[in-house]
Amino acid sequence: MLQLNYIRDNKDEVLKRLAIKNFKDAEAIINSVLEKDVERRNIQKSADDVKAEANQIAKQIGELMKVGKKDEAEKAKSKTGELKLKEKQFDEELKKIEAEIHQALVQVPNTPSLKVPAGKTPEDNEVVFEHGVKPTLHAKAQPHWELTTKYNLIDFELGVKIAGAGFPVYKGKCARLQRALINFFLDRATAKGYLEIQPPIVVNEDSGYGTGQLPDKEGQMYHMGIDNLYLIPTAEVPVTNIYRDVIVKESDFPIKNCAYTPCFRREAGSYGKDVRGLNRLHQFDKVEIVQIVHPDKSYEILEEMREYVAELLKELELPFRTLKLCGGDMSFASALTYDLEVWSAAQTRWLEVSSVSNFEAFQTNRLKCRFKDANGKTQLAHSLNGSALALPRIVAALLENNQTETGIKIPKVLVPYCGFEEIN
RNA sequence: GGUGAGAUGCCUGAGUGGCCGAAAGGACAUGUUUGCUAAACAUGCGUACGGGAAACUGUACCGAGAGUUCGAAUCUCUCUCUCACCGCCA
């Protein structure tokens with residue numbers, strides 16, 4: 001959620017930036033919010049004045065009672081009836097208008113950075129970096145969903161039997177490969193200064209609101225009604241919520257956390273499209289990196305995180321490209337997002353494996369994650385996160401790109417983690 | 001699942017109707033002093049939303065919501081959560 005004060009002071013810039021996101025009703029909503037804000041302040045002033053008067057009288061009555069002037073006390077009491085009525089009325093008005101402002105404000109997406117390219121669809125995303133050579137596969141090369149059957153690596157049908165579509169069962173060397181990837185990613189992250197966290201993989205409602213999954217996207221999460229808990233769609237949710245309602249020390253910046261968790265997504269509405277094999281799952285594994293930083297540093301750190309994820313892909317010897325998302329393809333909460341995509345040689349297409357975003361103060365405003373600056377003023381921190389990395393599509397690309405007629409080669413860096421060099 | 005206790009500021013913890021935005025201690029910050037990796041002393045130290053050029057000042061907040069009252073951290077009701085013990089169990 002954007003900060004009202006910020007909008008008030010920077011209206012033109014806010015509108016300019018929202019235009020990049022193709023947010024249609026920006027001007028209408030912002031104007032109405034600002035008008036209501038003026039009204040709100042007027043009402044609050046009136047309410048405060050009435051309350052101040054009532055408080056005064058109450059104090060006087062107390063003193064009169066103490067010295068035994070009962071008559072005068074009674075006289076003072078008679079005045080309070082009217083004040084109480086007014087107070088109630090103002091409070092209700094205030095509540096109403098605050099709700100309206102909030103309602104309008106939550107509809108407004110984060111203001112994109114001015115570096116975000118204009119555009120509406122994924123085709124408008126800007127390729128900022130490309131690395132590696134797309135491999136040429138042998139004549140009988142297969143997509144990963146056939147390779148996994150051939151080498152007995154993943155049983156999708158078994159997953160259907162146990163849970164449902166989108167819950168694969170990994171076996172043998174593939175299970176080991178998954179474990180290897182998780183450990184590799186965590187080792188690299190901790191070496192880079194990220195503190196490893198093992199968070200709960202269920203969260204309560206407050207946490208869902210904190211990172212913005214609720215109230216809008218609740219259909220995307222698995223909900224356990226009996227205890228009112230949600231399965232996390234990403235470690236971002238529990239890890240970022242560590243910093244909900246806290247005032248961190250400025251000297252603690254940058255706060256760097258990483259976490260491996262399974263992720264659960266209902267993916268409602270995406271049936272039938274690009275869902276073969278490992279491309280889109282209800283449950284998958286991911287290592288996430290999260291940073292809470294000083295506002296002045298967040299863009300510098302975003303680049304650092306993007307570079308870090310790119311390094312991982314280089315080490316895995318996967319061809320990849322980095323995209324700067326255009327206004328139309330960015331998420332609601334992001335101010336600037338890089339997507340990293342690996343080349344899937346048998347599918348001959350790019351697969352998104354990481355999304356690295358700077359949320360500026362959009363998320364921390366909702367979370368109330370603040371710090372005291374040098375002047376002793378509390379202000380919102382900036383939050384960033386990125387996948388580093390999501391497993392299934394990495395596995396898909398590894399299987400497809402590294403296949404030979406006799407087996408699948410494991411990248412060097414993973415061999416110590418896997419304990420084998422080839423799947424055959 | 002059963003029984004009991006509780007929810008106060010960054011933390012511990014006092015506070016049973018007006019003198020309480022809240023004692024005390026700790027932590028933290030600044031300064032002084034002695035010196036040495038620390039201690040002593042002094043001062044400061046909640047958050048949010050308003051008003052004001054500023055000094056300053058108004059209002060709200062003691063788990064959440066409602067109520068009683070001129071006046072509520074303190075009384076009543078509802079809800080949520082936490083802890084302890086027992087039972088069951090990884």
Side-chain angles (χ1 to χ4, degrees), chain A residues 1-9 33-106 198 200-210 214-215 223-230 238 241-253 255 292 361 364-381:
Chain A
M1 190 160 69
L2 292 174
Q3 301 167 78
L4 187 47
N5 289 344
Y6 180 79
I7 298 178
R8 205 190 287 158
D9 299 338
V33 163
L34 290 178
E35 276 166 33
K36 282 185 174 146
D37 179 44
V38 172
E39 199 181 328
R40 194 208 93 231
R41 272 138 73 200
N42 287 335
I43 296 170
Q44 188 186 332
K45 184 88 180 76
S46 311
D48 283 359
D49 288 348
V50 172
K51 284 179 190 172
E53 195 181 344
N55 285 347
Q56 272 298 323
I57 294 176
K59 219 167 225 173
Q60 282 167 15
I61 291 173
E63 271 155 33
L64 290 171
M65 291 295 219
K66 218 181 289 171
V67 292
K69 292 185 180 169
K70 278 216 164 151
D71 294 350
E72 282 184 48
E74 286 303 324
K75 217 170 112 197
K77 271 193 201 180
S78 64
K79 275 195 277 181
T80 57
E82 195 191 342
L83 288 176
K84 268 182 100 174
L85 251 150
K86 272 198 207 165
E87 221 177 282
K88 209 165 198 171
Q89 202 181 322
F90 282 132
D91 276 347
E92 269 165 31
E93 279 179 47
L94 203 57
K95 230 180 200 171
K96 186 167 160 257
I97 199 148
E98 275 172 354
E100 284 173 12
I101 290 171
H102 184 261
Q103 186 56 37
L105 226 41
V106 294
Q198 269 193 8
I201 61 171
V202 297
V203 292
N204 57 25
E205 267 186 359
D206 284 348
S207 296
Y209 280 102
L214 299 175
H223 180 226
M224 289 162 287
I226 191 165
D227 291 309
N228 200 21
L229 293 169
Y230 295 86
N241 269 284
I242 293 172
Y243 306 99
R244 168 156 52 86
D245 285 324
V246 296
I247 298 180
V248 299
K249 285 197 195 124
E250 190 175 4
S251 57
D252 289 341
F253 286 147
I255 297 172
I292 308 288
T364 49
N365 187 28
R366 215 188 253 234
L367 286 165
K368 298 208 197 72
C369 172
R370 294 156 295 175
F371 72 99
K372 273 204 199 311
D373 65 21
N375 304 319
K377 252 188 83 182
T378 49
Q379 54 169 305
L380 294 172

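Not measured: the values here are computed from a predicted model. Lettering follows sequence order; numbering is per chain, from 1.
Pairing of B:A23, defined by two Watson-Crick or G-U wobble distances under 3.5 Å, is not identified with any nucleotide. Base pairing of B:U78 is made with B:A64, judged by Watson-Crick or G-U wobble geometry with both donor-acceptor distances under 3.5 Å. Partner assigned to B:G71 is none, using Watson-Crick or G-U wobble distances below 3.5 angstrom. The pairing partner recorded for B:C41 is B:G31, the criterion being a Watson-Crick or G-U wobble arrangement whose two distances lie under 3.5 angstrom. Judged by Watson-Crick or G-U wobble contacts below 3.5 Å, the nucleotide B:U3 has B:A84 as its partner. Here B:A90 sits opposite no nucleotide as a Watson-Crick or G-U wobble pair (both hydrogen-bonding atom distances under 3.5 Å). Using Watson-Crick or G-U wobble geometry with both donor-acceptor distances under 3.5 Å, B:G50 finds its partner in B:U57. Base pairing of B:A14 is not made with any nucleotide, judged by Watson-Crick or G-U wobble geometry with both donor-acceptor distances under 3.5 Å.
Within 6.0 Å of the NZ atom in A:K51, the count of heavy atoms belonging to other residues, nucleotides or ligands exceeds 12.
The existence of a salt bridge linking A:K95 and A:D91 is excluded, since no basic side-chain nitrogen approaches an acidic carboxylate oxygen closer than 4.0 Å. Between A:D49 and A:K45 there is a salt bridge, since at least one side-chain N of the basic residue sits less than 4.0 Å from a carboxylate O of the acidic one.
Comparing B:C61 with B:U8, their C1' atoms are spaced 12 Å from each other, to the whole Å. Distance noted for atom C1' between B:G6 and B:A90: 29 Å (whole Å). Nucleotides B:G4 and B:U59 are separated by 40 Å at their C1' atoms, to the nearest Å. Of the C1' atoms belonging to B:C28 and B:G35, the separation is 23 Å, rounded to the nearest Å. Separating the P atom of B:C86 from that of B:A29 is a span of 42 Å, rounded to the nearest Å. Comparing the same atom, P, in B:U68 and in B:C20 gives a spacing of 27 Å after rounding to whole Å. Across B:G9 and B:U47, the matching P atoms stand 13 Å from one another, rounded to whole Å. For the C1' atom pair drawn from B:U33 and B:G51, the interatomic distance equals 44 Å after rounding to whole Å.
Between the NZ atom of A:K51 and the P atom of B:A72 there is a distance of 12 Å, rounded to whole Å. For A:K249 and B:C28, the NZ to P distance is 7 Å, given to the nearest whole Å. Taking atom CG of A:D252 as the reference point, atom P of B:C28 lies 13 Å away to the nearest angstrom. When rounded to the nearest whole Å, the span between CG of A:L94 and P of B:A60 equals 12 Å.
Listed here is the closest heavy atom pair of A:V50 and A:L83: CG1-O, 3.6 Å. Contact detail for A:I292 and A:A381: the closest heavy-atom pair is CG2-CB, 3.7 Å. Between A:M224 and A:V202, the closest heavy-atom pair is CE-CG1, 3.5 Å.
For the atom pair A:R370 CZ and A:T378 OG1, the distance stands at 6.0 Å (nearest 0.5 Å). Distance CD/A:E98 to CG/A:L105: 12.0 Å, rounded to 0.5 Å.
Heavy atoms of A:A76 sit nowhere under 4.0 angstrom from any nucleic acid atom.
Between A:F371 and A:F253, the ring planes are perpendicular. Angles over 60° get that label, and only those under 30° would be called parallel.
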Is there any protein nitrogen or oxygen under 3.5 Å from a nitrogen or oxygen in nucleotides 64-71 of chain B, and what are the pairs?
unit_1: B:A66; atom_1: OP1; unit_2: A:K95; atom_2: NZ; d: 3.2

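Partner of A:K77 under the side-chain contact (heavy atoms from CB on, under 4.5 Å) criterion, out of A:L64, A:I57, A:I61: A:I61 alone.
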(request) Indicate for each nucleotide in nucleotides 47-54 of chain B, in 5' to 3' sequence, whether protein heavy atoms under 4.0 Å reach the base (B), only the sugar-phosphate (S), or nothing (-). (result) SSBSS---
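Under the rule for a salt bridge (charged side-chain N to carboxylate O under 4.0 Å, His left out), the partners of A:K96 that lie at least two apart in sequence or sit in another chain are A:E100.
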